[in-house]
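Following: one structure in structure tokens, then a few remarks.
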Amino acid sequence: PSPPGDASGTFVTSQATNHCSSAQQSPLPAQCCCLNATAVFGQIMFGSQISFIIVSPGGIRFAHTDFKIPDFTDYRRPEVVDPNKSSQDSSEGRRSFSYIVTGASTVVILYAAKTVVTQFVSSMSASADVLALSKIEIKLGDIPEGKNMTFKWGGKPLFVRHRTDKEIASEAAVNLAELRDPEHDKDRTINPRWVIVLGVYFGGYYCPCHGSHYDASGRIRKGPAPLNLEAPFYEFPDDDTVIVG
């Protein structure tokens, strides 16, 4: 029902909350006695009765102003703590600090990457015992002239022959046009008295399986073998010792 009013045309107000102690009456234009009222009811009489309701926004909360905002001052640089001070004055120093941190981080990352790559490559390298087997030292004084000795090196037979003067002259006089794999004797030896080659079988300069024959320089002379015996790398640290590998 509409709030009560008189016939002379008055505006009657009342609030739903207890901000005003009693209803007031005032002539038109009407003014609300409580601006903080939750609801205001009014009635105007102009010959016929008109009822309306005005809802005041006085009780609506628009912002949470009672919440405490976190303080991040401890995490900020001293140059930018003061809001009244321009941060452009300290931009060069802060930028230099960022460059230093970035550069130092890059160096650390590159060093760590180098260490990882080095360890990875090292893990793929041959171990110490394998490297020890990659070289063999032979005492030449144990091999008499005109004789041949066989050693095991790298899983293959290693032939070391102490040649005579006759063998040296004979192999040096071979016509290269007669050879299947042409190679001069002087190109296969460092010291002409010693021939050091890798064999296929431990049977020496003759292959019993295929019937291949090799001369005193390790060159193929007869049989199906297409190439000469391989001459590995070796050196003479002194006249009585040779190191292969």
Task: Value rounded to 0.5 Å, distance of CG in L179 from NE2 in H184 - done: 10.0 Å

TODO: Take the angle between the ring planes of W194 and H162 and call it parallel below 30°, perpendicular above 60°, tilted in between.
DONE: parallel

Task: F97 atom CZ, neighbour heavy-atom count above 12 within 6.0 Å - done: no

Open item on the list: When you measure from the side chain of T118 to the backbone of K114, do you find a donor-acceptor pair of N or O atoms at a distance under 3.5 Å?
Closed with: yes

Task: Intermediate values then yes/no, side-chain contact (heavy atoms from CB on, under 4.5 Å), I143 and V160 - done: CA-CA 8 Å; I143 307 175; V160 181; 3.6 Å; yes

Open item on the list: I'd like to know if E145 and R163 make a salt bridge, using a cut-off of under 4.0 Å between side-chain N and carboxylate O.
Closed with: no

Task: Short side-chain to backbone donor-acceptor contact, Y205 and G199, under 3.5 Å - done: no

Open item on the list: I need the I100 CD1 to S105 OG distance, nearest 0.5 Å.
Closed with: 11.5 Å

TODO: Begin from the C-alpha positions of F151 and I136 and carry the test side-chain contact (heavy atoms from CB on, under 4.5 Å) through to its verdict.
DONE: CA-CA 9 Å; F151 302 88; I136 182 173; 4.0 Å; yes

Open item on the list: Just to verify, which of D240, V242, I243 counts as forming a side chain to side chain contact (heavy atoms under 4.5 Å, CB included) with I138?
Closed with: V242

TODO: May I ask you to decide whether R180 forms a salt bridge with E178, counting only side-chain N to carboxylate O separations under 4.0 Å?
DONE: no

Open item on the list: I'd like to know whether CG of D239 has more than 12 heavy-atom contacts from other residues, nucleotides or ligands below 6.0 angstrom.
Closed with: no

Task: P224 to S212 - nearest heavy-atom pair and separation - done: CD-OG, 3.3 Å

TODO: Give the minimum heavy-atom separation between W153 and V244, together with the two atoms involved.
DONE: NE1-O, 3.8 Å

Task: Backbone of F120 reached by a side-chain donor or acceptor of S123 within 3.5 Å - done: yes

Open item on the list: I'd like to know if R188 pairs up with E171 as an ion pair, taking the criterion as any Lys NZ or Arg NE/NH1/NH2 lying under 4.0 Å from an Asp or Glu carboxylate oxygen.
Closed with: no

Open item on the list: Is the shortest side-chain heavy-atom distance between V107 and L110 below 4.5 Å?
Closed with: no

Task: Distance (rounded to the nearest 0.5 Å) between L227 CG and E183 CD - done: 10.0 Å

Task: D142 to M149 - nearest heavy-atom pair and separation - done: O-SD, 3.8 Å

Task: Shared hydrophobic cluster for F236 and L198 (ILVMFWY, side-chain gaps under 4.5 Å) - done: yes

Open item on the list: To the closest 0.5 Å, what do you measure between CZ (R161) and CG (N148)?
Closed with: 5.5 Å

Task: Point-to-point distance, once rounded to the nearest 0.5 Å, from OG1 of T241 to NZ of K139 - done: 3.5 Å

Open item on the list: Determine whether a donor-acceptor pair (N or O, by modelled atom type, separation under 3.5 Å) exists between the side chain of E167 and the backbone of T164.
Closed with: yes

Open item on the list: Quick check on the 6.0 Å ring-centre criterion: do Y214 and Y206 meet it?
Closed with: no

TODO: Please confirm whether the backbone N or O of Y111 pairs with a side-chain atom of T115, one donor and one acceptor, at under 3.5 Å?
DONE: yes

Task: Closest heavy-atom pair and its distance - N228, I220 - done: OD1-N, 2.9 Å

Task: Stepwise side-chain contact (heavy atoms from CB on, under 4.5 Å) check, V195 with V197 - done: CA-CA 6 Å; V195 171; V197 292; 4.0 Å; yes

Open item on the list: Could you report the tightest heavy-atom contact between R219 and V174, atom names first, then the distance?
Closed with: NH2-CG2, 3.6 Å

TODO: Write down the atom of Y234, the atom of T189, and the distance for their closest heavy-atom approach.
DONE: OH-CA, 3.6 Å

Open item on the list: According to a hydrophobic-cluster definition based on side-chain heavy atoms being under 4.5 Å apart (Ile, Leu, Val, Met, Phe, Trp, Tyr only), do L176 and L229 belong together?
Closed with: no

Open item on the list: Any non-hydrogen side-chain atom of T150 less than 4.5 Å from a side-chain atom of L158?
Closed with: no

